Amino acid sequence: MLAEVVALERACLTALPAPRHGFDGPFVLKAFLGGTGRANAVCSTDPAPDPELPARVARIEACYARLGLPCRFRLTPLDPPGLEALLRERGYADGEETIVHAGPARPVADPAVRVLAGPEPAWMAVVATAEYQTAARRAEKLQGPALLAAPAAWLLLQEDGADAACLFAVADGRHCGIFDLATRPESAAGASGSG
């Protein structure tokens, strides 16, 4: 189980790169433009007890302050014991929740789906309809292809001749991460609740 969590976390870190990153012990720090959570946060890569945890958290906070970004910790099953309690003591509150689903998928060809080499304007127009999109997130998406070291594709679904839905997919070994799934609210896909 732990090996699969490590593999999934590694795939997610690969899929959403940041131009600035570093390590403090078992923690990886990522910084971009302050938009996407995974590209602008710190997370642990080892659930072993960390006797330096309070000092480490203080150093990490100082690093993000130097970069002019809020310090965000992503809590995962790879956290050392006591991290969540320490963060709450330091005034951290819950933020966005991410739910990771994992399972087998089989390839399906759909003539209504266009595969793009990057976040082209039509793809950006659809993803911008999602309520969580901010200017910083959109700017990061435009810069992302130059930072990726893994195979990726931007998919655009057409419905009745109009761009209706999009997603971003990144391959990492046997894993494929799917991100930025968005549907235009006025499309049938959006109206049916599938986006």
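The structure presented is a predicted model; accordingly, all values stated were derived computationally and were not measured. Along the sequence shown, residues are numbered consecutively beginning with 1.
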Would you sort out whether Leu78 and Val6 count as a side chain to side chain contact (heavy atoms under 4.5 Å, CB included), showing the intermediate values?
CA-CA 8 Å; Leu78 301 177; Val6 170; 3.9 Å; yes
For the student: nearest non-hydrogen atoms of [X] and [Y], plus distance:
| X | Y | answer |
| --- | --- | --- |
| Pro26 | Thr45 | O-OG1, 2.6 Å |
| Ala136 | Gly34 | CB-C, 4.3 Å |
| Ala169 | Cys176 | CB-SG, 4.0 Å |
| Leu67 | Ala31 | CD1-CB, 3.7 Å |
| Pro145 | Pro119 | CG-CD, 3.3 Å |
| Gly35 | Asn40 | N-ND2, 3.2 Å |

Give the C-alpha distance, both sets of side-chain angles, the deciding distance and a yes or no for salt bridge (charged side-chain N to carboxylate O under 4.0 Å, His left out) between Arg74 and Glu84.
CA-CA 10 Å; Arg74 287 183 39 255; Glu84 185 173 3; over 6 Å; no
Cluster question for you: counting only ILVMFWY and a side-chain heavy-atom cut-off of under 4.5 Å, with indirect links fine, are [X] and [Y] together?
| X | Y | answer |
| --- | --- | --- |
| Val115 | Ile178 | yes |
| Phe32 | Leu69 | no |
| Val5 | Leu83 | no |
| Leu148 | Val28 | no |

Can you find a pair of side-chain heavy atoms, one from [X] and one from [Y], that are under 4.5 Å apart?
| X | Y | result |
| --- | --- | --- |
| Val42 | Arg72 | no |
| Cys166 | Leu181 | no |
| Glu4 | Glu9 | no |
| Cys71 | Phe73 | yes |
| Phe168 | Val170 | yes |
| Leu87 | Val57 | yes |
| Cys43 | Leu13 | yes |
| Leu156 | Val113 | no |

Please test Leu53 against Phe27 for side chain to side chain contact (heavy atoms under 4.5 Å, CB included), starting from the C-alpha separation and ending with a verdict.
CA-CA 10 Å; Leu53 192 59; Phe27 287 84; 3.9 Å; yes
Quick one, Cys63 with Leu29, criterion side chain to side chain contact (heavy atoms under 4.5 Å, CB included). Give me CA distance, side-chain angles, the key distance, then yes/no.
CA-CA 9 Å; Cys63 177; Leu29 292 71; 3.9 Å; yes
Checking Lys141 against Asp180 for the side chain to side chain contact (heavy atoms under 4.5 Å, CB included) test, could you report, in this order, the C-alpha distance in whole Å, the side-chain angles of both residues, the deciding distance, and whether it holds?
CA-CA 10 Å; Lys141 289 173 195 339; Asp180 294 321; 3.0 Å; yes
Would one find more than 12 heavy atoms of other residues, nucleotides or ligands at under 6.0 Å from atom CG of Asp160?
no
Any donor-acceptor pair under 3.5 Å linking the side chain of Arg88 with the backbone of Ala93?
no
Donor-acceptor pair, distance only, cut-off 3.5 Å: does the side chain of Tyr64 make one with the backbone of Ala41?
yes
Approximate separation, where rounding is to 0.5 Å, of [X] [atom1] and [Y] [atom2]:
| X | Y | atom1 | atom2 | value |
| --- | --- | --- | --- | --- |
| Arg114 | Leu155 | CZ | CG | 10.5 Å |
| Thr36 | Arg138 | OG1 | CZ | 11.0 Å |
| Asp94 | Leu75 | CG | CG | 8.0 Å |
| Arg137 | Leu142 | CZ | CG | 14.5 Å |
| Glu52 | Asp24 | CD | CG | 8.0 Å |
| Met124 | Asp163 | CE | CG | 13.5 Å |

Between Arg66 and Glu61, is the salt bridge (charged side-chain N to carboxylate O under 4.0 Å, His left out) condition met? List the steps.
CA-CA 9 Å; Arg66 274 194 320 276; Glu61 290 171 337; over 6 Å; no
Is Glu140 paired with Lys30 through a side-chain N to carboxylate O contact shorter than 4.0 Å?
no
Evaluate side chain to side chain donor-acceptor pair (under 3.5 Å) for Ser44 paired with Asp79, printing each intermediate quantity in order.
CA-CA 5 Å; Ser44 177; Asp79 293 339; 4.9 Å; no
